[in-house]
Amino acid sequence: MAEKSFKYVILGGGVAAGYAAREFAKQGVQPGELAIISKEAVAPYERPALSKAYLFPEGAARLPGFHVCVGSGGERLLPEWYKEKGIQLILSTEIVKADLPAKTVVSAAGETFKYQILIIATGSTVIRLTDFGVEGADAKNIFYLREIDDADKLLEAIKAKKNGKAVIVGGGYIGLELAAVMKINNFDVTMVYPEPWCMPRLFTPDIAAFYEEYYANKGVKIIKGTVAVGFTSDSNGEVKEVKLKDGRALEADIVVVGVGGRPLTTLFKGQVEEEKGGIKTDAFFKTSVPNVYAVGDLATFPLKLYNELRRVEHVDHARKSAEQAVKAIKAGEEGKSVDEYDYLPYFYSRSFDLSWQFYGDNVGDTVLFGDSNPKSQKAKFGSYWIKDGKVVGAFLEGGTAEENQAIAKVAKLQPSVQSLEAVKHEGLSFACKI
């Protein structure tokens, strides 16, 4: 097969790829210079929509409605946009080999693509129960959610198993968002997770208590402190039961598993420096290999605010790191420089009528403020994380746009506090006056 050659190749077709393409177009790219190679069959889209609006029974999100860059209020990049800009979208193409010294990547079909500059934007893949040899984990109607194909398969099952029983394995982002979505679809929902409270990587026990009770009030059953150790299926090979470590068995028509992700770095093992599970980069997302950049979930980068190397798995960082890498590439070509990446960690979620945002770092002492009663008509509460006498992180449920901006500002500026009691007493007004 003939080689295809490009000046720039973006490997991966997720959120980061779309935002990188937009930045290339902004900075100026000649037709035929840039290619995006993706194993997915569609142009880059805003992945968070899959666990939220895509599965709604009414008013569901559908493509082309959530192609990038609508998630950050920008122009929607339809497939035609790439054509107009002379950017090649090479879809349904899985890359199985990368030779960084030779500046080539090879597809499963044997096509070779040459590049001068490579941006690795392959993101993460879901951790599967089959990876651990969990008995029966290959049964039909056990789902994972990462790509639009996964969402389509889950949607088919929701229709086929109308008003059935759903078991959600995992109590993190995906678990909480999909438990809500399945309930909205009128399923009998049970969540199972091993930790003592939901979303333990971010939530304190106090914050988690609100969401757990809110979900319980919506009819979601929660089983904590145990794990799924096996599945039984019927004569059609469809899952019918989830076996738990504590001996219980749960009936299930659909199982959705959300137990975390793993950065897709396998193609580059031994060719590029790695750290903390990702590909190590500098503040411009350059890797240890010249002309190779890594962005999004798989980049371990210097987090300037905390003076340490971190890997951040979140759509906000995927967008911003992609833009930073492209700015750095174009500036380098023109003999100019760009500022170092100065990122404020940000996470958010929406489920049922709830909406929270978090900024900064969740280390140190915590103070809970506001109305965190799950039975309130419109609960609004938050938490500050305080370390070495400074606020380093802030969380808010039910905030307005202005209030969310205020907690972002407080996490960025890290003001000193006199006492935990004083901050608790001031609550949200502490952030709003900064």
Side-chain angles (χ1 to χ4, degrees), residues 8-31 33-38 40-54 59-91 119-123 147-148 151 284-285 293-297 299 301 312-331 338-339 341-350 355 357-359 399-402 404-405 408-409 412:
Y8 314 105
V9 165
I10 300 169
L11 196 52
V15 172
Y19 281 76
R22 181 178 70 171
E23 192 58 39
F24 267 118
K26 217 185 271 181
Q27 300 276 344
V29 68
Q30 296 302 309
E33 280 189 334
L34 171 62
I36 294 172
I37 306 175
S38 172
E40 291 195 69
V42 294
Y45 55 86
E46 301 284 2
R47 215 176 280 287
L50 298 182
S51 61
K52 300 178 179 74
Y54 199 81
R62 288 288 175 271
L63 289 178
F66 61 98
H67 278 300
V68 297
C69 297
V70 294
S72 58
E75 176 193 0
R76 185 182 293 120
L77 309 187
L78 300 173
E80 301 81 74
W81 178 89
Y82 298 87
K83 279 199 191 91
E84 285 162 18
K85 302 293 180 189
I87 297 167
Q88 277 223 31
L89 267 182
I90 302 168
L91 302 175
I119 298 178
I120 302 168
T122 45
E147 298 174 0
I148 202 160
F284 309 101
F285 295 97
Y293 293 73
V295 297
D297 285 7
F301 65 97
V312 175
E313 293 182 359
H314 195 261
V315 64
D316 181 61
H317 165 65
R319 293 167 181 154
K320 289 174 178 166
S321 59
E323 289 170 348
Q324 171 75 351
V326 175
K327 283 174 185 162
I329 288 164
K330 297 303 276 184
V338 292
D339 291 337
Y341 192 59
D342 189 8
Y343 186 65
L344 173 67
Y346 163 58
F347 300 94
Y348 74 92
S349 185
R350 292 189 299 273
S355 175
Q357 296 195 8
F358 167 84
Y359 293 89
T400 63
E402 292 75 23
N404 286 326
Q405 281 169 356
K409 190 176 178 186
K412 182 81 173 168

Would you say [X]'s side chain and [Y]'s backbone share a donor-acceptor pair under 3.5 angstrom?
X	Y	answer
Arg76	Cys69	no
His67	Glu46	no
Lys330	Gly28	yes
Tyr45	Ile148	yes

(Q) I want to check something: taking the side chain as every heavy atom from C-beta on, are Val326 and Val295 in contact at a cut-off of under 4.5 Å? (A)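 The answer is no; the side chains never approach within 4.5 Å.
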Q.
Please determine whether side-chain contact (heavy atoms from CB on, under 4.5 Å) holds for the pair Ile36 and Tyr82, giving the CA-CA distance in whole Å, both sets of side-chain angles, and the decisive distance to 0.1 Å.
A. CA-CA 10 Å; Ile36 294 172; Tyr82 298 87; 3.8 Å; yes
Q. Testing Tyr346, Tyr19, Phe301 for ring-ring contact (aromatic ring centres under 6.0 Å, His included) with His317, which one passes?
A.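 So, applying the ring-ring contact (aromatic ring centres under 6.0 Å, His included) to His317 and each of Tyr346, Tyr19, Phe301, only Phe301 qualifies.
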Q: Measure the CH2-CG distance between Trp81 and Leu89 for me, rounded to the nearest 0.5 Å.
A: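 Rounded to the nearest 0.5 Å, the CH2-CG separation comes out at 9.0 Å.
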Q) Between atom CZ of Phe285 and atom OH of Tyr293, what is the distance when rounded to the nearest 0.5 Å? A)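 Result: 11.5 Å between the selected atoms.
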Q: Using the side chain to side chain donor-acceptor pair (under 3.5 Å) rule, pick out the option among Arg319, His314, Lys320 that qualifies with Asp316.
A: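 It is Lys320; the other options fail the test.
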**Q.** Over 12 non-hydrogen atoms of neighbours within 6.0 angstrom of CG in Asp339
**A.**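 Atom CG in Asp339 is not packed in, count stays at 12 or less.
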Q. Looking at Glu33 and Lys85, does any basic side-chain N land under 4.0 Å from a carboxylate oxygen?
A.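 Result for this pair is no, no salt bridge flagged.
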**Q.** Any donor-acceptor N or O pair under 3.5 Å, side chains Tyr341, Lys327
**A.**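 No.
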Q) Would you say the side-chain atoms of Tyr343 and Gln324 include a donor-acceptor pair closer than 3.5 Å? A)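 No - no donor-acceptor pair under 3.5 Å links their side chains.
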Q | Listed once per pair and sorted, the salt bridge (charged side-chain N to carboxylate O under 4.0 Å, His left out) pairs that draw on residues 64-73, sequence neighbours left out | A |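 Qualifying pairs: none.
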(Q) Under the salt bridge (charged side-chain N to carboxylate O under 4.0 Å, His left out) definition, can you give me all pairs with a residue in residues 21-31, not counting sequence neighbours? (A)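 For residues 21-31, and leaving out neighbouring residues, the salt bridge (charged side-chain N to carboxylate O under 4.0 Å, His left out) pairs sorted by first residue read Arg22-Glu323, Glu23-Lys26.
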Q: Assess whether side-chain contact (heavy atoms from CB on, under 4.5 Å) is satisfied between Tyr348 and Val315, documenting all intermediate values.
A: CA-CA 10 Å; Tyr348 74 92; Val315 64; 4.0 Å; yes
